[in-house]
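In each ligand, atom 1 is the first atom listed, and ligand 1 is the first ligand listed. All values derive from a computational prediction rather than experimental measurement.
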Amino acid sequence: MSSTSADEILTRLTAMRAHDVPTHGGRTLAYVYDSGLAEADALGREVLALCGSTNGLDPTAFPSLLTMEQELVATAGRLLDAPSGFAGVATSGGTESVLLAVLAARDARPDVAAPRMVLPTTAHAAFHKAAHYFRVEPVLVDVDPETKRADPVAMAAAIDDSTVLVVASAPSYAHGVIDPVTAIAAAARDAGVRCHVDACIGGWVLPFLREDEPDQEPWTFAVDGVTSISVDLHKYGYTPKGISLLLHRSADLRRSHFFASAGWPGYTMLNTTMQSTKSGGPLAAAWAVVRHIGMDGYRALARRARQATIAVAAAVSDIPALALAARPDATLLAITTDETCDVFTIADELLARGWYAQPQLAYGDLPATLHLSISAATAPSVPALVADLQAATDAAALSGPVAPSEDLVAAASSVDPAHLDDATVAGLLAVAGMTGSGGSLALPERMAPLNALLDALPAELREALLLAVLDRLTRPRPIGAH
Ligand SMILES: Cc1ncc(COP(=O)(O)O)c(C=O)c1O
């Protein structure tokens, strides 16, 4: 490969990025979070670049990173009502924070041979990843079918001698509701078990809304029995990606996810988190953005996003074919439809109108929904969003609910998820019309038929099929090939 000029590379990068969903502008309603504050964004980008080559592996070599982490954790501690003696770490994201909370709970209980954790079915999939990585059995407890909140009585009943962790969300990603943390944490405390509150998505919004909404369900360290809380800065902290915080009620509780190895002839590896070498860029950018926006700034942003959420929720209730899956407690919405249309087609129709909303498949008795994470930057566009949601719903009703072909459902259903070979995947992709030139994978323009197919399949089969697609999607390609 010959060398390429910086100009040429940036031109190509810009061309490639034109196919990505926009990160700014408030029209991408999942994956990205936009404050709408240009100066904060510019500062975050500048600091990210400035500190991108620093290494959090050794806090004595890069004391600036240690100071920034300590200051950010202290700021989060104040927001989350942490008691004196609390401790925390900065991680690469919500999933890493969750992984560490589960690991710490497991490793603090070497006496438990087959550890288990009690989760509401709405807990984030990151807990399933932790269960898989660390061999902690997830005990899933159904949520209230109406409110979509965890059922504390059923969760208490699910705790046994092997339980090392109990989990609640503030709020849940899928439905945007806060679980009854007080009762769940009390049950965990009474059983002598840790209780983690996953506030990855809501932890930097909900504290700023408490003044306006004093009856918000309590979920912070002020609740007796809560032992750890995760909160992501790269979500509603509106900082560049790659930064979350995990706080523990005491330094003792944190200790069991630390790692040391002096068992080789190189440097003694000492890590507080999963990563060893870690860029200081995301941490420094978050430190800068959090200080720049400030607590009053975040209060204003949280109010803006919350008011926009309430306005969109009201509009959804006014569209006869739509309903809210749950009353939103924060800035997330989950929308369902009646029998005249489906959420997958509405997602496609919204995309055609310049909005990215995220389809969520049905799970158990919980119906398929359309997920909207509302950012502060979406607020000025609420009238446009509501008009386009109405138009997308009308278009979806006109075409009628999408139904996957019976042949395809039959072909997919006959697959054994444990033994999905390449030839079977190739056959299924051909039946689904997803084969491009030379047998390569070609994603369809409209995703609704594919989502409807997945929706009709059990979760295990969805996972196996999507992993096979991901495997094909991520194979190497010659540089510059389109
Ligand atoms: C409640 C909750 N927990 C965990 C995560 C995982 O976070 P990440 O995608 O940063 O790994 C998310 C992401 O949306 C979330 O909403």
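Under a 4.0 Å criterion applied to the non-hydrogen atoms of G94, ligand 1 contributes the atoms 6 (C), 7 (O), 8 (P), 10 (O), 11 (O). Heavy-atom contacts of H234 reach the following atoms of ligand 1: 10 (O) (cutoff under 4.0 Å). Ligand-side atoms of ligand 1 in range of D232: 7 (O), 10 (O), range being under 4.0 angstrom from any heavy atom. The contact set between ligand 1 and I201, taken as ligand atoms under 4.0 Å from a residue heavy atom, comprises 16 (O).
Between D144 and K148 there is no salt bridge, since no side-chain nitrogen of the basic residue lies less than 4.0 Å from a carboxylate oxygen of the acidic one.
A donor-acceptor pair shorter than 3.5 Å can be found between the side chains of D160 and T163. Side-chain contact annotation: S250 with H248, donor-acceptor N/O pair under 3.5 Å absent. Using modelled atom types and a 3.5 Å distance limit, the side chains of Y173 and H371 yield a donor-acceptor pair.
Between atom 11 (O) of ligand 1 and the options L99, I243, L233, T95, the minimum heavy-atom separation is to T95. Checking K241, E96, K235, H371 against atom 14 (O) of ligand 1, the nearest heavy atom belongs to K235.
The side-chain contact (heavy atoms from CB on, under 4.5 Å) test with V177 singles out one residue from P328, S172, P171, and that residue is S172. Of the options I159, V136, V166, a side-chain contact (heavy atoms from CB on, under 4.5 Å) to M117 is made by V136 and by none of the others.
Protein heavy atom nearest atom 1 (C) of ligand 1, with residue, atom name and distance: D198 OD2, 3.2 Å. The shortest contact between atom 16 (O) of ligand 1 and any protein heavy atom is with Y173 CD1, 3.2 Å. For atom 15 (C) of ligand 1, the closest heavy atom belonging to the protein is H124 CD2, 3.2 Å.
Annotation for D20: atom CG counts as buried by contact number, over 12 foreign heavy atoms lying within 6.0 Å.
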